Enquirer: 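Pasting a structure here, questions to come.
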Amino acid sequence: QVQLVESGGGSVQAGGSLNLSCAAAGYFYSKPCMGWFRQAPGKEREGVAAINSDGSISYADSVKGRFTISRASAKNTLYLQMNSLKPEDTALYSCAADLSSGGFCNRGLRPALYKYWGQGTQVTVSS
């Protein structure tokens with residue numbers, strides 16, 4: 001079982017920055033793939049950024065050049081540095097993780113493929 005706890009959300013003005021963290025705990029039989037997802041009121045959950053078990057990274061087009069995902073592998077901690085925030089970035093941001101018995105885990109930005117989820121942290125960007 002894997003537990004994920006996000007932190008770092010808050011309220012900022014447009015153009016500001018936030019750094020989200022996701023602490024993962026539990027039993028990891030392989031290196032996890034992890035990702036950040038967000039859901040705004042009335043909208044579907046969407047992938048923001050993801051990092052596969054081999055370190056390859058993907059971003060949603062809407063955040064490219066503004067957000068950076070990183071991972072401290074030794075601690076299984078995931079980060080999302082968010083710069084130049086816009087009001088449309090306002091959402092509940094959740095961390096997700098999955099494991100693969102085959103070793104290589106590649107779930108990308110597809111939320112339905114992730115098994116483990118955190119409760120989320122709210123990000124609000126005002127204009």
Side-chain angles (χ1 to χ4, degrees):
Q1 191 71 9
V2 174
Q3 299 83 40
L4 304 172
V5 179
E6 303 94 336
S7 61
S11 297
V12 296
Q13 290 190 325
S17 298
L18 284 172
N19 189 24
L20 305 184
S21 299
C22 172
Y27 174 63
F28 297 90
Y29 55 81
S30 63
K31 193 167 188 176
C33 49
M34 302 181 76
W36 287 102
F37 298 83
R38 67 186 181 187
Q39 187 168 20
K43 294 188 177 182
E44 290 191 357
R45 179 180 281 167
E46 63 172 350
V48 175
I51 185 165
N52 295 324
S53 60
D54 65 351
S56 56
I57 288 172
S58 55
Y59 292 101
D61 288 343
S62 59
V63 305
K64 282 180 181 177
R66 300 188 299 122
F67 290 11
T68 302
I69 189 172
S70 60
R71 174 170 59 191
S73 296
K75 296 185 288 185
N76 278 324
T77 301
L78 188 70
Y79 303 97
L80 185 67
Q81 177 65 42
M82 304 186 295
N83 298 326
S84 303
L85 282 161
K86 305 175 181 180
E88 50 264 43
D89 294 318
T90 295
L92 181 69
Y93 284 70
S94 299
C95 170
D98 203 12
L99 301 166
S100 174
S101 59
F104 175 60
C105 183
N106 175 10
R107 304 290 184 259
L109 298 175
R110 297 161 289 182
L113 300 184
Y114 287 82
K115 181 176 182 179
Y116 305 103
W117 289 86
Q119 293 299 310
T121 184
Q122 180 66 37
V123 171
T124 302
V125 185
S126 58
S127 57

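Starting from 1, each residue takes its place in the sequence as its number. In this text the structure is predicted, and so the values were computed from the model without any measurement. No hydrogens, no waters, no symmetry mates; every other heavy atom, side chains included, goes into these values.
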Enquirer: Provide the full list of disulfide bond (SG atoms under 2.5 Å apart) pairs with a residue in residues 34-67, sequence neighbours left out, each pair given once.
Expert: none
Enquirer: Tyr93: which residues meet the ring-ring contact (aromatic ring centres under 6.0 Å, His included) condition with it, sequence neighbours left out?
Expert: none
Enquirer: Tell me every residue that passes side chain to side chain donor-acceptor pair (under 3.5 Å) with Ser11, counting only those two or more places apart in sequence or in another chain.
Expert: none
Enquirer: Is Gln81 reaching over with its side chain to a backbone N or O of Asn19, donor-acceptor style, under 3.5 angstrom?
Expert: no
Enquirer: Scan residues 50-102 for pairs that pass disulfide bond (SG atoms under 2.5 Å apart), counting only residues two or more places apart or in two chains.
Expert: Cys22-Cys95
Enquirer: Should the pair Asp89-Lys86 be classified as a salt bridge under the 4.0 Å nitrogen-to-oxygen rule?
Expert: no
Enquirer: Is any side-chain heavy atom of Glu6 less than 4.5 Å from a side-chain heavy atom of Leu20?
Expert: no
Enquirer: Could you see if Phe37 belongs to whatever hydrophobic cluster contains Tyr116? Use Ile, Leu, Val, Met, Phe, Trp, Tyr and a side-chain cutoff under 4.5 Å.
Expert: no
Enquirer: Check side chain to side chain donor-acceptor pair (under 3.5 Å) between Gln3 and all other residues, then give those that pass, not counting sequence neighbours.
Expert: none
Enquirer: Tell me whether Phe28 shares a hydrophobic cluster with Ile51, the cluster being built from Ile, Leu, Val, Met, Phe, Trp, Tyr side chains joined at under 4.5 Å.
Expert: yes
Enquirer: Assign the ring pair Tyr27 / Tyr29 to parallel, tilted or perpendicular, where the plane angle (0 to 90°) is split at 30° and 60°.
Expert: tilted
Enquirer: Listing request: all disulfide bond (SG atoms under 2.5 Å apart) pairs with a residue in residues 48-80, at least two apart in sequence or in separate chains.
Expert: none
Enquirer: Tell me if a side-chain donor or acceptor on Trp36 pairs with a main-chain N or O of Tyr79 at a distance below 3.5 Å.
Expert: yes
